Amino acid sequence: VTQSPVWRALSPAQHDQTLFEERHLRYISPLGKGNFGSVELCRYDPLGDNTGELVAVKKLQPNKQSTLKDFQKEVNTLSVMHCDYIVKYRGVCYSMGRLSMSLVMEYLPYGSLIGYLESNGHKVNTRRLILFASQICKGMEYLQTLRYVHRDLAARNILVASESLVKIADFGLTKIIPSDKEYYRVTQPGESPIFWYAPESLNESKFSHKSDVWSFGVVLHELFSYCDMSSNPKREIGHIVQGPSISMHLANILKNNWRLPAPPKCPPKVCSQYLVQLYR
Ligand SMILES: C=CCCn1cc(-c2nc(Nc3ccc(C4CCNCC4)cc3)nc3[nH]ccc23)cn1
């Protein structure tokens with residue numbers, strides 16, 4: 001019966017597993033803020049008996065029409081990703097008569113890598129940090145096969161699925177590199193996470209797989225300093241330079257070969273700039 005034309009005509013929503021009806025999406029609690037929106041924990045409970053599954057729902061920040069197009073791009077980007085090291089797309093929920101939409105994703109119970117390392121750092125050894133780093137690499141390798149540059153790879157955008165699995169999330173700044181180029185040039189930089197930016201991104205707004213590798217180097221620094229606030233890239237660099245043209249100062253000190261200091265107890269092979277420069 002469920003394959004009959006009548007059934008499919010009568011229940012298109014049920015048939016389409018990626019369409020979540022707003023009336024069944026029960027808000028539970030806030031999870032965090034990403035690019036272009038906030039993320040909430042919800043239970044999708046069509047039976048109304050609390051047996052529905054938990055999902056993470058990213059809502060577009062209201063009255064920022066310019067980002068509705070960007071948000072739609074983020075939804076489209078995530079919807080084509082099928083990788084164990086990238087947060088899973090579940091679907092979309094339209095509201096206000098399709099005037100607004102939310103992105104529905106799998107809920108990862110341990111939260112962001114920053115929070116996880118801050119509260120569980122004592123039980124995460126070097127071996128586990130290297131496992132997490134290798135999983136982020138595999139996720140980025142997958143992105144590269146699709147010609148995507150993430151442009152915002154940072155520990156804040158890595159989520160912890162279990163004690164031995166992390167996933168890349170928040171594709172709000174992700175761009176696809178044109179087939180005839182090796183980089184993507186941003187016109188309107190917007191709020192830039194400059195402390196994770198490669199020199200060419202700072203100086204020429206150029207983004208490529210190589211600039212994602214640079215950001216991965218900063219993520220390694222975050223991982224091996226257990227995301228300790230006192231050694232946060234913003235703090236490490238921020239206290240060297242101040243003032244409005246901080247990105248120009250940052251570009252200068254990088255040009256003079258200043259680099260983030262190796263975190264204490266970081267294995268030499270991980271912290272060698274050679275490692276990151278090698279892959280650039
Ligand atoms: C990518 C980063 C920027 C945007 N962002 C995404 C999320 C997010 N979070 C979770 N889970 C989760 C998040 C926080 C906590 C905490 C733990 C400590 N106590 C308070 C609650 C626990 C679980 N699952 C997700 N799936 C897809 C997205 C997503 C959050 N922020």
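If you read the sequence from its start, that first residue is 1, and numbering goes on from there. What you see is a predicted model; the values in this text were computed from it and never measured.
- Note that the CG atom of Asn256 and the CZ atom of Arg259 stand 9.5 Å from one another [nearest 0.5 Å].
- Atoms SG and NE2, from Cys42 and His24 in turn, are 14.0 Å apart once rounded to the nearest 0.5 Å.
- Considering every non-hydrogen atom in both Gly121 and Tyr226, the closest pair reads O-CE2, 3.5 Å.
- In this structure, Arg90 contributes its side chain and Thr18 its backbone to no donor-acceptor pair below 3.5 Å.
- Panel note: side chain Tyr183, backbone Glu200; no donor-acceptor pair is recorded below 3.5 Å.
- Contact of the Ser102 side chain with the Lys59 side chain is registered, since non-hydrogen atoms from C-beta on lie closer than 4.5 Å.
- No continuous path of hydrophobic side-chain contacts links Tyr107 to Tyr116 [ILVMFWY only; heavy atoms under 4.5 Å].
- Salt-bridge formation is detected for the pair Glu74/Lys58: a Lys NZ or Arg NE/NH1/NH2 atom is positioned less than 4.0 Å from an Asp or Glu carboxylate oxygen.
- Listed here is the closest heavy atom pair of Leu108 and Ala161: CD2-CB, 3.8 Å.
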As a quick check of understanding, evaluate salt bridge (charged side-chain N to carboxylate O under 4.0 Å, His left out) for Glu222 and Arg156, giving each step before the final call.
CA-CA 10 Å; Glu222 294 183 278; Arg156 62 179 173 275; 5.3 Å; no
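- Put simply, the side chain of Arg151 gets close to the backbone of Leu173: a donor and an acceptor are under 3.5 Å apart.
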Can you check side chain to side chain contact (heavy atoms under 4.5 Å, CB included) on Thr174 and Val149, steps first, answer last?
CA-CA 6 Å; Thr174 301; Val149 281; over 6 Å; no
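- Linking ILVMFWY residues whenever their side-chain heavy atoms come closer than 4.5 Å, directly or via other members, places Phe71 and Tyr94 in the same cluster.
- Residues Leu165 and Gln135 are in side-chain contact: their nearest non-hydrogen atoms beyond the backbone lie under 4.5 Å apart.
- When all heavy atoms are compared, the tightest approach of Gly115 to Ser119 is O-OG, 2.6 Å.
- Between the Ser225 side chain and the Asp228 main chain, no donor and acceptor come within less than 3.5 Å of each other.
- Leu103 and Val80 fall within the same hydrophobic cluster, defined by Ile, Leu, Val, Met, Phe, Trp and Tyr side-chain heavy atoms under 4.5 Å apart, directly or through other members.
- In this structure a side-chain-to-backbone donor-acceptor pair under 3.5 Å is present from Tyr44 to Glu21.
- Side-chain contact check for Val160 versus Ser112: every heavy-atom pair is 4.5 Å or farther apart.
- Under a 3.5 Å cut-off, the side chain of Arg147 and the backbone N or O of Ile177 do form a donor-acceptor pair.
- With a 4.5 Å cut-off on side-chain heavy atoms, Glu163 and Arg128 count as touching.
- For the pair Ile158/Ile136, a side-chain contact is recorded, criterion being any heavy-atom separation below 4.5 Å from C-beta on.
- The shortest heavy-atom contact between Met101 and Val75 is CE-CG2, 4.1 Å.
- Taking the six-membered ring for Trp, Phe207 and Tyr197 have ring centres closer than 6.0 Å.
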May I have the step-by-step check of side chain to side chain contact (heavy atoms under 4.5 Å, CB included) for Val57 and Val39, ending in yes or no?
CA-CA 5 Å; Val57 181; Val39 183; over 6 Å; no
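- Both Tyr110 and Val124 are part of a single hydrophobic cluster, where members link through side-chain heavy atoms under 4.5 Å apart.
- The shortest non-hydrogen separation linking Tyr148 to Asp212 is O-OD2, 4.4 Å.
- Side-chain atoms of His150 do not come within 3.5 Å of backbone N or O of Ile168 as any donor-acceptor pair.
- Across every non-hydrogen atom of Val87 and Leu78, the tightest pair is O-CD1, 3.5 Å.
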For Ile246 and Phe195, run side chain to side chain contact (heavy atoms under 4.5 Å, CB included): C-alpha distance rounded to whole Å, both residues' side-chain angles, the deciding distance at 0.1 Å, then the answer.
CA-CA 10 Å; Ile246 193 164; Phe195 299 105; 3.9 Å; yes
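- Judged by distance alone, the side chain of Asp45 and the main-chain N or O of Thr51 form a donor-acceptor pair under 3.5 Å.
- Taking the side chain as every heavy atom from C-beta outward, Ile28 and Glu40 never approach each other to under 4.5 Å.
- For the atom pair CG (Leu113) and CG (Asn157), the distance works out to 10.5 Å, reported to the nearest 0.5 Å.
- Remark: Lys210 does not engage Glu182 in a salt bridge, criterion side-chain N to carboxylate O under 4.0 Å.
- Contact of the Tyr85 side chain with the Phe132 side chain is not registered, since no non-hydrogen atoms from C-beta on lie closer than 4.5 Å.
- A side-chain donor-acceptor contact under 3.5 Å links Ser201 to the backbone of Lys206.
- In this structure, the separation between NZ on Lys88 and NE2 on His82 is 9.5 Å, given to the nearest 0.5 Å.
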Does the side chain to side chain contact (heavy atoms under 4.5 Å, CB included) test come out yes or no for Phe20 and Val92, once each step is laid out?
CA-CA 6 Å; Phe20 289 74; Val92 288; over 6 Å; no
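- In this structure, Ile130 and Phe224 have side chains that are in contact, with non-hydrogen atoms separated by less than 4.5 Å.
- The same ILVMFWY cluster, assembled from side-chain heavy atoms under 4.5 Å apart, contains both Phe216 and Val166.
- Under a 3.5 Å cut-off, the side chain of Asn120 and the backbone N or O of Lys123 do not form any donor-acceptor pair.
- Residue Asp170 holds its CG atom at 11.5 Å from CG of Leu153, rounded to the nearest 0.5 Å.
- With rounding to the nearest 0.5 angstrom, the CD1 atom of Ile86 is 15.0 Å from the OH atom of Tyr89.
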